[in-house]
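What follows is a short report on a single structure.
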Amino acid sequence: MGTTLTIDLPTPASAIALAGTQEANLKYLSQQTGASLVLRGQSVLITGTENQVELCQKLIRSLEPYWSQDKPITEVDIQTVRHAINTHREDDLEMLQRDVIVRTRKGEEIRAKTFRQRQYIESIRKHDLTFCIGPAGTGKTYLAAMVAVQALLANQYERLILTRPAVEAGEKLGFLPGDLQQKVNPYLRPLYDALYEMIDPEKIANLMERGVIEVAPIAYMRGRTLNNAFVILDEAQNTTPAQMKMVLTRIGFRSRMVVTGDITQTDLPSYQESGLAVAQRILKNVEGIAFCELSKADVVRHALVQRIVAAYEAFEQPQKGKEDKG
């Protein structure tokens with residue numbers, strides 16, 4: 001005999017938030033629990049075995065901080081809630097859902113979506129130097145930029161410096177039109193995008209003119225000491241070991257640095273070892289430095305990105321094994 005349970009939601013908007021676009025969340029909840037879910041008005045009917053229905057009810061109740069405030073729910077939110085239930089981390093889940101990193105200029109609340117993302121944010125807050133390594137879509141740069149801009153606006157730092165190596169697969173800067181700044185701007189676009197979430201574009205231009213915000217290629221860091229600054233080095237897998245050492249030794253008094261990258265996406269020549277990989281080996285156990293590793297489970301972009309990362313990992317693992325044997 002199957003069990004049926006009805007959960008009544010407070011408003012039509014909360015029902016839409018829980019169900020998701022074209023009821024994608026209900027379908028995903030069904031996949032995760034084995035239960036059948038049907039939305040009727042403001043009510044969700046759950047049918048299945050007693051265990052399936054109980055798990056589904058727990059998931060929906062744990063997602064209440066989102067749907068009760070009509071906030072969109074993603075597959076990652078559902079996965080995080082399920083992980084919390086499976087590992088008895090409901091208290092940690094409550095803190096994750098409650099901890100607002102920043103509010104954007106449009107009033108949107110930015111939170112960590114997964115436990116490892118929250119650990120990453122805590123590391124940035126507590127350490128002068130944090131490395132974050134993980135695949136595309138895990139929020140490495142975005143979250144660091146959000147914390148950095150918040151700290152800048154709170155006058156905790158005098159400057160925000162965003163930098164990355166201007167190296168991309170199959171492209172040379174010399175072939176791009178314009179002066180150096182125009183040439184490197186396309187490479188720094190992801191960093192600008194995060195800034196625009198927090199600061200009005202006109203104000204960003206003013207802050208850049210005054211040197212409060214600096215967006216520059218890594219070559220501009222040579223010979224400088226960065227005091228009272230929050231520094232983000234993005235796409236660090238494309239630094240050489242010498243470049244990485246150069247940037248890390250720029251840290252000055254009252255400064256904080258976050259280094260992000262994806263070691264599996266290196267665009268350096270095959271004979272050139274990544275500065276990020278070398279730094280990970282050398283600095284892993286140095287006091288005062290935090291290393292955070294994100295995985296495909298932390299991908300917060302389109303759900304397809306998570307599956308793409310997983311497929312590449314599965315393909316590349318046997319290849320790596322062959323190379324190691326060779």
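- Within a 6.0 Å radius of NZ in Lys58, other residues, nucleotides and ligands contribute 12 heavy atoms or fewer.
- Side-chain atoms of Ser255 come within 3.5 Å of backbone atoms of Leu226 as a donor-acceptor pair (strictly under, hydrogens ignored).
- Between the side chains of Gln52 and Glu54, no donor-acceptor pair of N or O atoms lies under 3.5 Å.
- Atom CD of Gln280 and atom CD1 of Ile263 lie 4.5 Å apart (nearest 0.5 Å).
- One N or O on the side chain of Thr249 and one on the backbone of Lys245 form a donor-acceptor pair closer than 3.5 Å.
- Ring planes of Phe230 and Tyr157: perpendicular class, angle over 60° (limits at 30 and 60°).
- At least one donor-acceptor pair closer than 3.5 Å links the side chain of Arg250 to the backbone N or O of Arg224.
- In this structure, Asn238 contributes its side chain and Pro165 its backbone to no donor-acceptor pair below 3.5 Å.
- By the 4.5 Å heavy-atom criterion applied to side chains, Val149 and Val102 are not counted as neighbours.
- Although no hydrogens or angles enter the test, the distance criterion places no donor-acceptor pair under 3.5 Å between the side chain of Ser30 and the main chain of Leu37.
- With rounding to the nearest 0.5 Å, the separation of CD1 in Ile78 from OG in Ser62 is 11.5 Å.
- Of the options Thr130, Ile232, Val247, a side-chain contact (heavy atoms from CB on, under 4.5 Å) to Met257 is made by Val247 and by none of the others.
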In sequence, state the C-alpha distance, the side-chain angles, and the governing distance for Leu162 and Asp234, and then conclude on side chain to side chain contact (heavy atoms under 4.5 Å, CB included). CA-CA 8 Å; Leu162 308 169; Asp234 189 33; over 6 Å; no

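- Here the CD atom belonging to Gln119 is positioned 11.0 Å from the CD1 atom belonging to Ile121, to the nearest 0.5 angstrom.
- Between the side chain of Asn25 and the backbone N or O of Ile73, at least one donor-acceptor pair lies under 3.5 Å.
- Counting only distance, with no hydrogens or angles, the side chain of Gln150 and the backbone of Ile101 share a donor-acceptor pair below 3.5 Å.
- Counted by atom type alone, Gln69 and Glu109 present zero donor-acceptor pairs between their side chains at under 3.5 Å.
- Distance CD1/Ile7 to OG/Ser43: 10.0 Å, rounded to 0.5 Å.
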Are Thr264 and Tyr312 close enough, and set up right, to give a side chain to side chain contact (heavy atoms under 4.5 Å, CB included), and what steps lead you there? CA-CA 10 Å; Thr264 68; Tyr312 269 93; over 6 Å; no

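- By the 4.0 Å N-to-carboxylate-O rule, Arg98 lies close enough to Glu94 to be salt-bridged with it.
- Asp77 and Thr80 share no donor-acceptor pair across their side chains, judged by distance under 3.5 Å alone.
- Considering only heavy atoms from C-beta on, Phe115 comes within 4.5 Å of Leu93 through its side chain.
- For the atom pair CE (Met146) and OG1 (Thr141), the distance works out to 11.5 Å, reported to the nearest 0.5 Å.
- If you run side-chain hydrogen bond (donor to acceptor under 3.5 Å, both in side chains) between Asn206 and each of Glu202, Glu209, Arg210, Lys203, only Arg210 comes through.
- For Arg256 (side chain) and Arg125 (main-chain N/O), a donor-acceptor pair under 3.5 Å exists by modelled atom type.
- Residue Lys284 places its NZ atom among more than 12 non-hydrogen atoms of other residues, nucleotides or ligands, all under 6.0 Å distant.
- The shortest heavy-atom contact between Gln117 and Thr138 is NE2-O, 2.8 Å.
- Listed for the Glu293 side chain is no donor-acceptor partner under 3.5 Å among the backbone atoms of Ile133.
- With Gln243 contributing its side chain and Thr240 its backbone, the two residues share a donor-acceptor pair below 3.5 Å.
- At a threshold of 4.5 Å between non-hydrogen side-chain atoms, the residues Arg111 and Leu96 do not count as touching.
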